[in-house]
Structures are given as C-alpha cells and as structure tokens.
2 protein chains.
Amino acid sequence: MSKMLKDIIENNQNYQPGLSIDCVIFGFHDNQLKVLLIKVQRNSKWSLPGGFIPIDEDIDTAAVTVLNDRTGVDGIFLRQFATFGKVNRNDQHFDEKVLEYLQVEEAKGKWLLRRFVTIGYYALVDFLKIIPKPSNENEIVEWIDHKEVPELILDHKEILEKALDTLRTELNLMPIGYNLLPEKFTMPELQKLYETILDKKLDRRNFLRKITNIGILKKLDEKKSNVAHKAPNLYSFDKEKYDEVLKNGLNQGW
Amino acid sequence: MSKMLKDIIENNQNYQPGLSIDCVIFGFHDNQLKVLLIKVQRNSKWSLPGGFIPIDEDIDTAAVTVLNDRTGVDGIFLRQFATFGKVNRNDQHFDEKVLEYLQVEEAKGKWLLRRFVTIGYYALVDFLKIIPKPSNENEIVEWIDHKEVPELILDHKEILEKALDTLRTELNLMPIGYNLLPEKFTMPELQKLYETILDKKLDRRNFLRKITNIGILKKLDEKKSNVAHKAPNLYSFDKEKYDEVLKNGLNQGW
DNA sequence: AGTACATTGCGTCATAATAACACATTTAAA
DNA sequence: TTTAAATGTGTTATTATGACGCAATGTACT
C-alpha cells in the first residue's frame with residue numbers, strides 16, 4: 001500500500017467518496033476451489049482484492065480494473081453480486097495512525113475514515129492463465145483454497161461467503177465451467193468442479209448424462225495423457241451453444 | 001420535495017455522499033402486478049421511491065425507512081438486488097437551477113450534483129394492507145400496473161426491469177405468494193400471480209399439482225363468496241413450512 | 001324454469017428427468 | 001500376472017412434467 005493509497009487520499013476528489021469495490025476471484029486447481037487473496041505486509045490479515053472508484057468510471061469498469069490489476073487478464077466472467085454497507089463495517093480499519101504514517105493532511109485523511117460501502121463482484125478465471133500480480137511492491141497476492149481461508153479483514157469473510165452462496169445458486173441457473181477450466185478438460189474434472197462448489201458428492205454416471213444433455217459439450221477425439229488408471233476422454237465447450245444457454249438459463253422451473 | 005431535500009442538502013454531512021437507495025415496491029391487485037411510483041409535482045416524470053443513507057444507518061436499515069415512509073408498513077419482504085453506478089446516470093437530473101430554486105449555498109449544493117450510485121431494493125407487499133403515503137405534501141404516490149409504467153427519470157426503468165428480472169428468477173428458487181397475497185386466497189389468484197410475473201400462461205391443472213406438492217399450502221374449508229361462476233376454494237399458506245422452503249430453496253438442480 | 005357458458009375440481013396418460021445401481025474396460029502399481 | 005482404482009456405458013424403478021378429458025357448480029340469459 002502506501003504510495004498508491006496516499007496518492008488516492010490526496011487526490012480523493014477524483015474518487016467516489018465512501019464507496020469501494022471488492023472482488024472475490026475464484027479459480028479451480030488441484031480439485032480445489034481457490035480464492036485470490038491479498039495481504040498488505042504491514043497488516044497481518046488477508047483481504048479481498050479491492051479498489052476505489054474513479055469518479056469518471058462506471059462501477060463495472062472500476063471492477064474490471066481491480067480484477068485486471070491483480071490477474072493481468074480481462075474479458076473474463078465478472079459479476080456484481082451484492083453491496084455491503086453496515087455502519088461499522090470499516091471502523092477501526094484505517095485510523096489516525098495510518099494517516100500519520102502515510103503523512104497525509106488531516107483534512108484529506110478524513111475521506112478515508114468514514115464508513116465505506118463496498119460493492120462485491122465475483123470473478124471466475126482460468127487458474128493456469130493467471131499470474132497473480134501484486135499491485136505494488138509491498139503486496140502479497142496468493143491463491144488460497146476456499147476451505148482454508150484464514151481470518152480476513154473487516155467483513156470480507158462475509159462477502160466471500162455471500163459470493164460462494166451466489167455461485168452455488170447460479171450453478172442451477174447457468175453453466176459455469178467455461179470460465180474456470182482450461183480449454184480441454186475431462187469429465188471427472190468438470191464433475192469435481194461442481195462437487196467442490198456444491199460441497200457434495202454427485203453420481204458419476206448421472207452427472208455425465210445430465211451435463212451432456214445440456215448440449216454445451218464437445219467430446220474430443222483425444223484422451224488425457226500421463227494419468228494413473230484408465231485415461232479419461234477430453235472435452236471442450238461448444239462456445240456458441242454455451243453462450244446461448246448462458247443467455248437463456250438452465251432450469252426453467254415454471 | 002423541496003423542504004425535505006433542502007434539509008438533506010444543508011445537512012449533507014449526515015448522509016453517505018454519492019449514494020442513494022431506490023425501491024421497487026411490488027403489489028398484486030386486480031390480476032395485475034403493480035409498482036409503487038412517485039412523482040414530484042414540479043417534475044413531469046415518475047420515479048421509483050428512493051432516499052439517501054444516513055451515515056449512522058446500515059444500508060438495509062435505510063432501505064426499510066424508504067419503504068416504510070411510502071407504505072407505512074414494515075416487517076415486509078425487502079431484498080437488495082443490484083447496485084447501479086454508471087458515470088452519467090444522474091447527469092442533468094439536479095442542476096444549478098434546482099439548487100437556486102431551493103436556495104442552498106453553492107458549496108453545499110455540490111454534494112447533490114455529483115454522480116450518485118444507487119442501491120436497488122425490491123419489496124413484495126400486500127396491496128390491500130398498504131396506504132400509499134406521500135412523504136411530503138407535493139409528492140404523488142401511486143400504484144401503476146407494471147405493463148403500463150410510463151417513462152421514468154434517470155435509469156429507473158432499467159432498475160425496474162432488473163428488479164422484475166430478479167423476481168422472475170427468484171420464482172424458481174423460492175415461494176413468493178405469502179408477501180403479495182392476502183391471508184386467504186384462491187388457486188386461480190395464486191396462479192394468476194405466477195402468470196403475471198412470468199408473463200406466460202400456465203396449465204391450471206399442472207399448476208395445482210406442482211404448487212400443492214411443494215407442501216406450503218393449507219386448503220381451507222371455505223369458498224370464496226360473491227363470485228361469478230363456480231366458487232373457488234380458499235387457501236392460506238402454512239407459514240412454518242413456507243419459511244422452511246424459503247430457507248432451503250425450491251429447485252435443488254444438482 | 002331451463003339452458004348456455006364460464007369456471008372449478010379432479011382426474012388420466014404418455015413422455016421426460018432423476019436416482020440408484022451393474023458390469024466390462026483400461027492402466028499403473030504391486 | 002494380479003490387483004486396485006478409475007473410466008465408459010449401460011439398465012431399471014421412481015418421480016416429475018406436459019398435454020389433455022370430463023363432470024360439477026354457479027351465473028346470466030331467454
């Protein structure tokens with residue numbers, strides 16, 4: 001932090017006051033659903049990557065910037081899911097000591113001390129295509145298994161939980177693998193992705209039938225190599241049909 | 001407006017800057033899905049009821065206040081669904097002329113002229129229990145059929161559409177009638193509610209079977225009186241089971 | 001009073017989706 | 001060569017869904 005944050009505080013008239021963005025960036029690797037977390041060295045707790053909103057940018061655009069800053073990619077699945085604004089949510093986060101440390105004027109510093117409402121976005125990214133990028137030299141950026149996320153700052157744990165909850169619901173409304181898996185993948189991998197998100201075992205054969213019937217998969221004439229046991233077939237998504245289902249939704253219900 | 005808005009502007013340090021709340025309040029009557037809209041006389045366009053966020057209130061609490069101000073009820077279904085923050089969303093809404101009219105100092109007035117990000121909430125209320133209440137003497141509050149909503153200010157039409165879209169999706173995830181219908185209701189009424197929200201005809205007999213199987217209805221030993229044709233049976237919700245389904249969700253999907 | 005008509009209540013039947021499970025095949029490792 | 005673990009491809013019973021049929025009820029009209 002520091003230089004960048006100091007710049008923002010001193011030019012706070014260029015940013016939307018009292019409003020921030022936090023991103024829950026999901027990736028899938030080693031059969032684990034991972035979350036990209038950051039740590040500012042000075043601080044002992046991990047947090048979600050976030051940022052402020054330039055007054056001349058749409059909030060969605062600002063969210064893309066946050067994502068892009070940390071992952072170096074864009075054109076990815078990024079979706080707003082909730083806004084958090086409890087009165088005390090960022091009490092005791094930044095205080096006078098921080099402002100003193102940053103050497104900003106008291107008047108300017110007040111901008112940072114008030115209640116910040118934060119808009120939560122979640123992103124689905126291809127783990128292998130991302131190189132976690134600290135946005136400055138003191139920042140640590142890491143993928144952490146969602147089951148082993150340590151204590152986070154402020155209400156970030158609540159934000160993460162809500163994102164995961166949203167993801168679970170969306171799983172019933174749309175396909176999601178395209179954003180989280182590599183170009184080619186196996187059926188067990190896709191199933192494991194679903195199982196990990198839902199935290200629930202699924203029957204292998206029933207899963208195959210159901211996911212196949214959606215009509216978004218292409219079975220490739222190729223098997224995964226260098227694997228223990230029988231080599232599983234490779235699949236890829238039929239992007240055109242995938243997008244169609246994304247648009248129209250899965251379960252019509254009524 | 002006016003007195004109240006002027007007060008807010010002059011005491012803007014008591015409100016979250018650049019942030020507002022807009023409520024899409026749904027009611028059901030005469031087989032129509034209605035939306036509660038307001039009109040400030042000076043202005044020719046209708047708008048969603050909204051408000052600002054006191055710095056010492058949670059955003060959810062502020063939303064309850066907005067709802068309560070216009071309907072006089074609380075303890076109702078109220079849910080945040082999205083946050084809107086395009087850069088130009090409130091350009092040309094309030095301008096210098098308004099501030100002049102309100103006779104507020106220019107410095108204070110600037111608070112109102114910047115981009116406001118608005119948090120959208122939607123509410124489901126029992127039409128008959130609500131008495132639309134103007135929050136001041138110049139305000140007009142009215143129920144308007146969602147199919148006949150005229151042009152609205154700013155991006156309020158977009159906000160309304162998004163709320164309706166969310167409601168349609170939620171219909172597949174949870175039951176909703178409890179909040180929109182009176183204590184006792186008929187099966188055709190409940191079905192019409194679903195048809196109106198979904199904008200789609202449903203088969204009467206299949207609807208009965210499906211809604212009954214959810215297990216949230218109590219068939220009363222009573223028929224609706226004063227109706228043309230055969231008197232339909234009355235139903236009410238089994239609140240305990242209803243809440244259980246609300247919590248656990250309808251379609252498990254996977 | 002008698003009849004037409006709209007609406008309700010309670011079904012059926014064919015088809016599709018889902019849950020539970022069986023068995024042969026492939027491959028690495030013992 | 002055998003074993004164990006995983007994959008590929010089924011079957012069967014049950015349940016859910018979509019598309020209808022028909023008698024009963026009550027209003028409105030002649």
Side-chain angles (χ1 to χ4, degrees), chain A residues 30-31 171-175 177 181-182 184-196 198-236 245 248-254, chain B residues 30-31 168 171-175 177 181 184-196 198-236 245 248-254:
Chain A
D30 281 342
N31 286 341
L171 214 55
N172 294 325
L173 305 174
M174 65 186 200
L181 295 173
K184 298 173 180 180
F185 53 89
T186 68
M187 194 51 70
E189 279 164 2
L190 181 57
Q191 181 179 339
K192 200 72 195 170
L193 171 61
Y194 273 74
E195 289 183 338
T196 306
L198 295 167
D199 195 24
K200 170 166 126 183
K201 280 236 155 285
L202 300 173
D203 183 276
R204 194 168 60 86
R205 296 147 292 188
N206 293 338
F207 178 81
L208 170 67
R209 180 159 32 94
K210 188 161 174 180
I211 202 88
T212 301
N213 281 341
I214 297 174
I216 53 175
L217 293 176
K218 279 189 298 193
K219 186 173 182 175
L220 304 178
D221 194 19
E222 196 177 345
K223 288 183 190 306
K224 184 153 179 140
S225 49
N226 299 323
V227 289
H229 315 299
K230 182 169 180 175
N233 213 300
L234 285 170
Y235 289 81
S236 71
V245 176
N248 300 329
L250 273 180
N251 282 323
Q252 296 305 41
W254 300 95
Chain B
D30 280 342
N31 285 341
R168 285 198 181 113
L171 214 55
N172 293 325
L173 305 173
M174 65 185 199
L181 295 173
K184 299 172 179 180
F185 52 90
T186 67
M187 195 51 69
E189 279 163 3
L190 181 58
Q191 181 180 340
K192 200 73 195 169
L193 171 60
Y194 273 74
E195 289 182 339
T196 306
L198 294 167
D199 195 24
K200 171 165 124 183
K201 280 236 155 285
L202 299 173
D203 183 275
R204 194 169 59 87
R205 296 147 290 190
N206 293 337
F207 178 81
L208 170 67
R209 186 182 39 195
K210 191 161 173 179
I211 202 89
T212 301
N213 281 341
I214 297 174
I216 54 174
L217 293 176
K218 280 188 297 193
K219 186 173 182 175
L220 304 177
D221 194 19
E222 195 177 346
K223 288 183 190 307
K224 184 151 180 142
S225 50
N226 299 324
V227 289
H229 314 298
K230 182 170 181 176
N233 214 299
L234 285 170
Y235 289 81
S236 71
V245 176
N248 300 329
L250 273 180
N251 283 322
Q252 296 307 38
W254 298 97

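Side chains included, hydrogens not; waters and symmetry mates left out as well; all remaining heavy atoms used. The chains referred to below are lettered A, B, ... by the order of the sequence lines, with proteins before strands, and numbering in each begins at 1.
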Could you grab the distance from atom CG of A:L234 to atom CE of A:M187, nearest 0.5 Å is fine? 10.5 Å
Judged by nearest nucleotide, the residue sitting upstream toward the 5' end of DNA chain C, B:W254 or B:L234, is B:L234
Using only atom types and a distance under 3.5 Å, with no angle test, would you say the side chain of A:E195 pairs donor to acceptor with the backbone of A:L202? yes
Nearest-neighbour nucleotide for the B:R204 side chain, D:dC22, D:dG26, C:dT26 considered: D:dC22
Whole angstrom value for the distance that separates P of C:dG11 from CG of B:D203: 16 Å
Can you sort out which residues in residues 207-221 of chain A have a heavy atom within less than 4.0 Å of DNA chain C? Ascending by number, please. A:R209, A:K210
Rounded to whole angstroms, how far apart are CG on B:L202 and C1' on D:dA19? 14 Å
Rounded distance in Å - CG (A:N206) to P (D:dT9): 15 Å
Got a donor-acceptor contact below 3.5 angstrom from the B:K184 side chain to the B:K224 backbone? no
Could you check how far CG of B:N233 sits from C1' of D:dA24, rounded to whole Å? 14 Å
I'd like to know if the side chain of B:W254 and the backbone of A:L171 have a donor-acceptor N/O pair within less than 3.5 Å. yes
To the nearest 0.5 Å, tell me how far A:N213 CG sits from A:L208 CG. 9.0 Å
Among D:dG26, D:dG8, C:dA28, which nucleotide sits nearest the side chain of A:A228? C:dA28
Taking N and O atoms by type only, does the side chain of A:R205 place a donor or acceptor under 3.5 Å from a partner on the base of C:dA19? no
Measure the distance from CG on B:L190 to C1' on C:dT8 and round it to the nearest whole Å. 15 Å
Can you tell me the distance, in whole Å, between the CG atom of A:L250 and the P atom of C:dT18? 11 Å
Using whole Å, report how far NZ of B:K223 lies from P of C:dT8. 11 Å
Atom NE2 of A:H229 to atom P of D:dT3: distance rounded to whole Å? 16 Å
Under a 3.5 Å distance rule, please check whether B:D203 uses its side chain to pair with a backbone N or O of B:R205 as donor and acceptor. yes
B:N248 CG to B:L173 CG distance, which is reported to the nearest 0.5 Å: 13.0 Å
